[in-house]
Amino acid sequence: MQITKYIPSFRENCIEIFKSNQPQYFAVEELRLFENFLDYEIEENYYVIKNNGLLVGCGGIFFDAKNNEAGLSWGMVHADYHGQGIGKLLTQFRLDLLKNMYPDKSLRIETSQHTAEFYKKNGFSIADIVPDGFAEGIDKYSMKMEFKS
């Protein structure tokens with residue numbers, strides 16, 4: 001497995017990964033948000049993961065100065081590759097980055113009921129749940145991780 005920084009030529013592969021996770025993990029209406037993120041809002045800390053040369057996952061990190069929090073953003077693995085440890089590897093890579101870059105910050109992620117347990121296993125705890133918070137049938141789980149260096 002190889003993790004590298006996102007470049008615009010990976011856009012279509014990332015969109016394909018997103019679509020492979022619809023409708024269970026992402027609502028149809030979220031595709032537009034993700035495309036907008038890739039086109040206009042992407043920061044330097046967005047990454048892709050390749051398996052045998054194939055792009056199979058993507059995800060990033062962010063820092064929110066207003067709330068003094070950092071966290072994980074738009075993380076996903078192609079549905080054909082779920083359950084192979086790729087998401088765990090990509091998540092740990094991003095958590096290690098966050099711990100190095102923002103050692104005294106609270107971390108957060110917004111995810112759904114379908115992946116909340118995965119993030120609990122990776123050290124996050126549930127702070128809030130909004131039923132249908134992303135879309136009908138997809139609840140918004142706000143999760144946090146506290147750590148101090």
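Positions are given from 1, in the same order as the sequence printed here.
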>> The test is side-chain contact (heavy atoms from CB on, under 4.5 Å); show your working for I49 and F93 and say whether it passes.
In response: CA-CA 10 Å; I49 187 165; F93 171 81; over 6 Å; no
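- Formation of a donor-acceptor pair under 3.5 Å by the T91 side chain with backbone atoms of K88 is not found in this model.
- Partners of F63 according to the ring pair (Phe, Tyr, Trp, His ring centres under 6.0 Å) rule, which considers only residues two or more places apart in sequence or in another chain, are Y102.
- Across all their heavy atoms, N67 and D64 have their closest contact at ND2-OD2, 2.8 Å.
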>> Apply side-chain contact (heavy atoms from CB on, under 4.5 Å) to residues Q84 and V77 and explain how you reach the verdict.
In response: CA-CA 10 Å; Q84 297 181 25; V77 171; over 6 Å; no
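- Annotation: the span from I61 atom CD1 to L107 atom CG amounts to 9.5 Å, rounded to 0.5 Å.
- Under the rule for a side-chain hydrogen bond (donor to acceptor under 3.5 Å, both in side chains), the partners of Y47 that lie at least two apart in sequence or sit in another chain are N45.
- Taken to the nearest 0.5 Å, the CZ atom of F134 stands 14.5 Å off from the OH atom of Y25.
- Both M145 and Y119 are members of a single hydrophobic cluster when ILVMFWY side chains are connected at heavy-atom separations under 4.5 Å.
- I86 and M1 get closest at one heavy-atom pair: CG1-CE, 3.3 Å.
- No side-chain N or O of Q92 forms a donor-acceptor pair with one of N122 less than 3.5 Å apart.
- Residue pairs meeting the salt bridge (charged side-chain N to carboxylate O under 4.0 Å, His left out) criterion with at least one member in residues 24-37, sequence neighbours excluded, do not occur.
- When the side chains of ILVMFWY residues are joined at heavy-atom separations under 4.5 Å, either directly or via intervening members, I138 and L31 end up in two distinct hydrophobic clusters.
- S73 approaches F37 most closely through the heavy-atom pair OG-CZ, 4.5 Å.
- Contact record, G75 with F26: O-CZ, 4.2 Å, taken as the closest heavy-atom pair.
- Classified by interplanar angle (parallel below 30°, tilted 30° to 60°, perpendicular above 60°), the ring pair H78/Y81 is perpendicular.
- How far CG of L95 is from CG of L90: 9.5 Å, rounded to the nearest 0.5 Å.
- Put simply, CG on L54 and CG on N51 are 7.0 Å apart, with the number rounded to the nearest 0.5 Å.
- For the salt bridge (charged side-chain N to carboxylate O under 4.0 Å, His left out) condition, no pair includes a residue of residues 129-139, sequence neighbours left out.
- The minimum heavy-atom distance between C14 and L55, with the atom names listed, is SG-CD2, 4.5 Å.
- Both I7 and M76 are part of a single hydrophobic cluster, where members link through side-chain heavy atoms under 4.5 Å apart.
- F10 and F18 end up in the same hydrophobic cluster when Ile, Leu, Val, Met, Phe, Trp and Tyr side chains are linked at under 4.5 Å.
- Proximity of a side-chain donor or acceptor of Q113 to a complementary backbone N or O of G137 within less than 3.5 Å is detected.
- Counting heavy atoms from C-beta outward, F118 and T111 have side chains that stay 4.5 Å or more apart.
- Taken to the nearest 0.5 Å, the CG atom of L89 stands 10.5 Å off from the CZ atom of R94.
- K144 is linked by a salt bridge (charged side-chain N to carboxylate O under 4.0 Å, His left out) to E69, counting only residues two or more places apart in sequence or in another chain.
- With sequence neighbours excluded, no residue forms a ring pair (Phe, Tyr, Trp, His ring centres under 6.0 Å) with Y141.
- Within 6.0 Å of NZ on K5 lie more than 12 heavy atoms contributed by other residues, nucleotides or ligands.
- With sequence neighbours excluded, no residue forms a side-chain hydrogen bond (donor to acceptor under 3.5 Å, both in side chains) with N52.
- With contacts defined as side-chain heavy-atom distances shorter than 4.5 Å, the pair V56/I17 does not qualify.
- With hydrogens and angles ignored, the 3.5 Å screen pairs a side-chain donor or acceptor of S20 with a backbone N or O of A79.
- Residues passing the ring pair (Phe, Tyr, Trp, His ring centres under 6.0 Å) test with Y6 are Y46, sequence neighbours excluded.
- No donor-acceptor pair under 3.5 Å is formed between the side chain of K140 and the backbone N or O of E110.
- Cluster partners of V130, using a side-chain heavy-atom cutoff of under 4.5 Å among ILVMFWY residues and allowing indirect links: none.
- Taking hydrophobic clusters as Ile, Leu, Val, Met, Phe, Trp and Tyr residues chained together by side-chain heavy-atom distances below 4.5 Å, I109 does not share a cluster with F62.
- Every residue meeting the side-chain hydrogen bond (donor to acceptor under 3.5 Å, both in side chains) condition with N21, not counting sequence neighbours, appears here in chain and number order: H82.
- Contacts of D80 classified as salt bridge (charged side-chain N to carboxylate O under 4.0 Å, His left out), with partners at least two apart in sequence or in another chain: none.
- Pairs of residues two or more places apart, or lying in two chains, that qualify as salt bridge (charged side-chain N to carboxylate O under 4.0 Å, His left out) and include a residue from residues 6-19 are R11-D39.
- With a 4.5 Å cut-off on side-chain heavy atoms, V48 and N13 do not count as touching.
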